Amino acid sequence: MFTYRKKTAFYQTIITLFSIFSQVLYVLATLILIYKEYVTVGSIVGVLGISQSVYTSINQVFGSISILAGITPIFQRLLPNGFLQERPFQEKESLSIASIELKDLSVSYGDKKILEHFSMEFVGGKKYAVIGSSGSGKSTLLKVLLKEKSFDGGEVRINGRPMEEIPAHVIYSSIGFVAQDPYVFNLSIRENITLGEDFSEEKIRAAIQRAELESFIASLPNGLDTVIEHNGANISGGQKQRIVLAREYVRGKNFLLMDEGTGSLDNKTKMAIEHHLLSDPDLTLIYVLHPRTKEELTVFDQVIELGPQK
């Protein structure tokens, strides 16, 4: 979303500056032509009407370019296997991840160290809670696992294989991710879950059930065919999180990252979803959490507490 907003703001600024500059230039040229009596005022008014239509069309073209440039990284994150590439969709490459091992990992943003000499092995089927203060590296850890953030030192191995050897689209196809504020598209709920892929109705319904979406969808006049407005303007944050969770469930991924991915849910729904997550013996879960009591953390196989680097 940061990339989307940054690029959109950049292009909108360029469009606005171009429009202002062009119209100022037009006004100055018009005044000079009238002063020198090269043209009549009536001619200028007619040309002004035409030029405004041209300016409007140009702005619309640049606006479309800005939207495409902004959302392309989002589509590449969600549909890395062929989106906007001049080739047909090919069969997905994915891994059944048995382990991810981090050895002596160091990560920084500029001069600020986020993770330093961090070692950890995530074993298939285990459930991990990641806690720590703001800025301690919780989200950064997930970005490293998704190959979205490079590291300064150490290594990451997936099933014993160096991460550098594994294409990003394979990692995206193998590892599920639910963010605190996930992105949803201006499409139907069904399309937001399937992203254009062909899944059986049984699989879609099973994913909806596990994501605790059944009652919400049943309450909608158009059910699964209800169209979501731009980035979920007509649904709640918790509903967005559950739609994205269903998106990952339907693909049967056995490795799931959640960055406070139930933070917008009511307590009852959150507990129901966490029950599904924690009781699945085949699912490896790495769950960045809001502060929890020690008793609440006992349901996890391991608690990883990150602290700010000095």
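These values consider heavy atoms only, across backbone and side chains, with no hydrogens, waters or symmetry-generated copies. In this text, all values refer to a predicted model and were calculated from it rather than measured experimentally.
Remark: the H276 side chain and the Q209 side chain contain no N/O donor-acceptor pair separated by less than 3.5 Å. A donor-acceptor pair shorter than 3.5 Å can be found between the side chains of D104 and H117. Between the side chains of E197 and T194, no donor-acceptor pair of N or O atoms lies under 3.5 Å. Between the side chains of D259 and S139, at least one donor N or O lies within less than 3.5 Å of an accepting N or O.
M163 is connected to V123 through a chain of hydrophobic side-chain contacts under 4.5 Å among Ile, Leu, Val, Met, Phe, Trp and Tyr, so both are in one cluster. Cluster membership for V303 and M258, using ILVMFWY side-chain heavy atoms within less than 4.5 angstrom, is shared.
Looking at K103, its side chain never comes within 3.5 Å of a backbone N or O of F118 through a donor-acceptor pair. When atom types are taken as modelled, the side chain of E248 and the backbone of L245 share no donor-acceptor pair closer than 3.5 angstrom. Side-chain atoms of K138 do not come within 3.5 Å of backbone N or O of V130 as any donor-acceptor pair. Listed for the N222 side chain is no donor-acceptor partner under 3.5 Å among the backbone atoms of D225. A side-chain donor-acceptor contact under 3.5 Å links R251 to the backbone of R247. Under a 3.5 Å cut-off, the side chain of S200 and the backbone N or O of K203 do form a donor-acceptor pair. At distances below 3.5 Å, at least one donor-acceptor pair connects side-chain atoms of N234 with backbone N or O atoms of V227. N159 places a side-chain N or O within donor-acceptor distance of the main-chain N or O of S99, the cut-off being under 3.5 Å.
Rounded to the nearest 0.5 Å, atoms CG (L283) and CG (L278) are 9.0 Å apart. In this structure, CG in L213 is found 10.5 Å from OH in Y249, a value given to the nearest 0.5 Å. Taking CD of E101 as the reference point, atom CE of M120 lies at 10.5 Å (rounded to 0.5 Å). Taking CG of L145 as the start and CZ of F255 as the end, the distance is 6.5 Å to the nearest 0.5 Å. Taking CZ of R242 as the reference point, atom CD1 of I235 lies at 9.0 Å (rounded to 0.5 Å). Here the straight-line distance linking atom OG of S279 with atom CG of L277 works out to 8.0 Å at 0.5 Å rounding.
When all heavy atoms are compared, the tightest approach of A246 to A207 is O-CB, 3.6 Å. Heavy atoms only, all atoms of each residue included: R210 and I273 are closest at O-CG1, 4.3 Å. Between S108 and K113 the shortest heavy-atom distance is CB-CA, 3.9 Å. Pairing each heavy atom of G125 with each of K127, the nearest pair is O-NZ, 2.8 Å. Residue G232 comes nearest to I228 through the heavy atom pair CA-CG2, 3.5 Å, listed as atom of the first residue, atom of the second, then distance. The minimum heavy-atom distance between V144 and V107, with the atom names listed, is CG2-CG2, 3.9 Å.
The shortest distance between side-chain heavy atoms of K126 and Q302 does not fall below 4.5 Å. Residues Q239 and L265 are not in side-chain contact: their nearest non-hydrogen atoms beyond the backbone lie 4.5 Å or more apart. Residues L195 and F185 meet the side-chain proximity criterion, which asks for heavy atoms closer than 4.5 Å. The shortest distance between side-chain heavy atoms of L141 and I114 does not fall below 4.5 Å. The shortest side-chain heavy-atom distance between L220 and I189 falls under the 4.5 Å cut-off. Considering only heavy atoms from C-beta on, F122 comes within 4.5 Å of L102 through its side chain. For the pair N192/Y183, no side-chain contact is recorded, criterion being any heavy-atom separation below 4.5 Å from C-beta on. H290 is listed as a side-chain neighbour of Q180, based on a closest heavy-atom distance under 4.5 Å.
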request  = Take S106 and D152 through the side chain to side chain donor-acceptor pair (under 3.5 Å) test and state the conclusion after the steps.
outcome  = CA-CA 5 Å; S106 294; D152 307 318; over 6 Å; no
inquiry  = Between I304 and I131, is the side chain to side chain contact (heavy atoms under 4.5 Å, CB included) condition met? List the steps.
reply    = CA-CA 6 Å; I304 303 163; I131 61 174; over 6 Å; no
message = Could you go through L256 and F177, starting from their C-alpha distance and side-chain angles, then the distance that decides it, and tell me whether this counts as side chain to side chain contact (heavy atoms under 4.5 Å, CB included)?
response = CA-CA 6 Å; L256 181 64; F177 176 60; 5.9 Å; no
ask   = Would T298 and E295 satisfy side chain to side chain donor-acceptor pair (under 3.5 Å), going step by step from the backbone distance to the final call?
value = CA-CA 5 Å; T298 57; E295 184 178 348; over 6 Å; no
query = Checking side chain to side chain contact (heavy atoms under 4.5 Å, CB included) for the pair L306/T140: CA distance, chi angles, key distance, verdict?
reply = CA-CA 11 Å; L306 300 178; T140 298; over 6 Å; no
request  = Show your working on side chain to side chain contact (heavy atoms under 4.5 Å, CB included) between I100 and I175 and close with a plain yes or no.
outcome  = CA-CA 11 Å; I100 297 182; I175 300 177; 4.1 Å; yes
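Using a 4.0 Å cut-off between charged nitrogen and carboxylate oxygen, E214 and R205 do not count as a salt-bridge pair. In summary, E201 and R190 engage in a salt bridge, as defined by a charged side-chain N under 4.0 Å from a carboxylate O. Between R292 and E274 there is a salt bridge, since at least one side-chain N of the basic residue sits less than 4.0 Å from a carboxylate O of the acidic one. Of the charged side-chain nitrogens involved, none lies within less than 4.0 Å of a carboxylate oxygen, so that K294 and E296 do not count as a salt-bridged pair.
Checked against the 6.0 Å centroid criterion, the rings of Y128 and F300 do not qualify as a close aromatic pair.
Within 6.0 Å of NZ on K149 lie more than 12 heavy atoms contributed by other residues, nucleotides or ligands. Annotation: E202, atom CD; neighbour count of heavy atoms from other residues, nucleotides and ligands within 6.0 Å does not exceed 12.
Taking the ring centre of Y172 as origin, the terminal cationic atom of K253 falls outside the region bounded by 6.0 Å and 45° from the ring axis.
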